[in-house]
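The next block holds one structure in the form of structure tokens; read it before the comments.
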Amino acid sequence: MIIINSIEELYYETKKAKGSIGFIPTMGALHEGHLSLIRQARKESELVVVSIFVNPTQFLEGEDLDSYPKKEKADRKICELAGVDILFMPTVEMMYGKDELRISAPAIRGFILEGTSRAGHFDGMLQIVMKLLNLIAYHQPKKFRAYFGKKDAQQLALITQMVKDYFINVEIVPCNIVRDGDGLALSSRNIYLSKEQRVHALSLSRSLKKATKMVIKKEFESSKIKEKMEKELTYIEVEYIALVNRQFVPIKHIELGNTIILVAGKVGKTRLIDNIWI
Ligand code: PAF
């Protein structure tokens with residue numbers, strides 16, 4: 001595995017690739033969820049590139065930018081063992097200039113749910129993903145693939161839209177959510193949870209399980225499903241429970257094969273999100 005800290009070196013190494021490139025952008029503190037993306041990329045690509053960059057522009061004032069978990073040594077080892085070819089670790093100075101052109105999230109889909117609770121977050125996220133995709137695509141005449149987890153479902157929907165709207169030559173591959181044995185969706189932020197908070201956090205996935213059971217029993221009304229989920233979410237400071245279609249438009253009735261049920265809330269100071277694709 002080569003560790004790259006400069007854009008020139010990244011260009012040089014990706015230019016040599018003869019086959020397909022699989023790219024996994026991350027903010028580090030890698031866990032089994034990231035590993036599942038890397039494994040899928042490894043199966044499907046000749047060259048696997050992982051980036052680790054804690055992107056300042058997607059954190060809002062008062063969020064955990066400074067305390068965001070950093071595990072550089074462990075991350076390197078994980079990537080090496082998972083068969084990553086290139087680990088790209090840029091600095092803020094390399095990725096951002098002064099008085100930059102900005103990208104804005106779309107006016108409707110970008111400003112509901114996570115876009116309401118974290119206004120501005122998606123602008124910064126799209127900006128860095130656009131930059132990273134362009135860097136990897138620079139010498140890639142063929143289509144390349146980039147892998148994203150379904151846990152950040154709105155992020156995934158907006159990246160997919162950006163790639164389409166801006167004609168970026170990359171295939172976005174959505175990857176399934178990875179959960180711990182107790183059902184908690186894996187997240188780098190789970191390490192903030194105390195033992196007790198972790199138990200409380202389990203009600204997020206439990207509420208989604210309840211929702212799924214209702215759908216299996218043919219309850220398709222969004223309001224009834226939300227009501228049931230809300231009851232399950234004790235000890236969670238719920239930010240939203242939402243049912244949207246895959247285009248991220250809120251729906252009143254479940255559309256089988258085209259629905260995502262989402263929940264976001266705080267356990268103590270830790271903000272967690274989870275969802276299920278129906
Ligand atoms: O999901 C993440 O870890 C980040 O939002 C991403 C896609 C790496 C952009 O910084």
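Along the sequence shown, residues carry numbers from 1. Both ligands and their constituent atoms are indexed starting at 1 by order of listing.
One hydrophobic cluster, built from ILVMFWY side chains closer than 4.5 Å, cannot hold both F59 and L132; they sit in different ones.
By the 3.5 Å distance cut-off applied to N or O atoms, Q58 is counted among the residues near ligand 1.
Applying side chain to side chain contact (heavy atoms under 4.5 Å, CB included) to M89 and the options I4, V50, D75, N5 leaves one that passes, N5. If you run side chain to side chain contact (heavy atoms under 4.5 Å, CB included) between C79 and each of T26, D85, L30, only L30 comes through.
At the shortest separation from atom 2 (C) of ligand 1 among protein heavy atoms lies Q155 NE2, 3.9 Å. At the top of the distance list for atom 3 (O) of ligand 1, counting protein heavy atoms only, stands M27 CG, 3.7 Å.
Those atoms of ligand 1 that come under 4.0 Å of a heavy atom in P25, given as number and element, are 8 (C). Near M125, the atoms of ligand 1 lying under 4.0 angstrom from a non-hydrogen atom of the residue are 5 (O). In summary, the atoms of ligand 1 found under 4.0 Å from a heavy atom of I128, numbered by their order in the structure, are 9 (C), 10 (O).
If you take OG1 on T259 and CD1 on I254, they are separated by 4.5 Å, rounding to the nearest 0.5 Å.
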For Y240 and S117, run side-chain hydrogen bond (donor to acceptor under 3.5 Å, both in side chains): C-alpha distance rounded to whole Å, both residues' side-chain angles, the deciding distance at 0.1 Å, then the answer. CA-CA 9 Å; Y240 62 76; S117 321; 6.0 Å; no
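The backbone N or O of L243 lies less than 3.5 Å from no partner atom in the side chain of S222, so there is not a single donor-acceptor pair.
The part of T26 lying near ligand 1 is the backbone, judged by heavy-atom distances below 4.0 Å.
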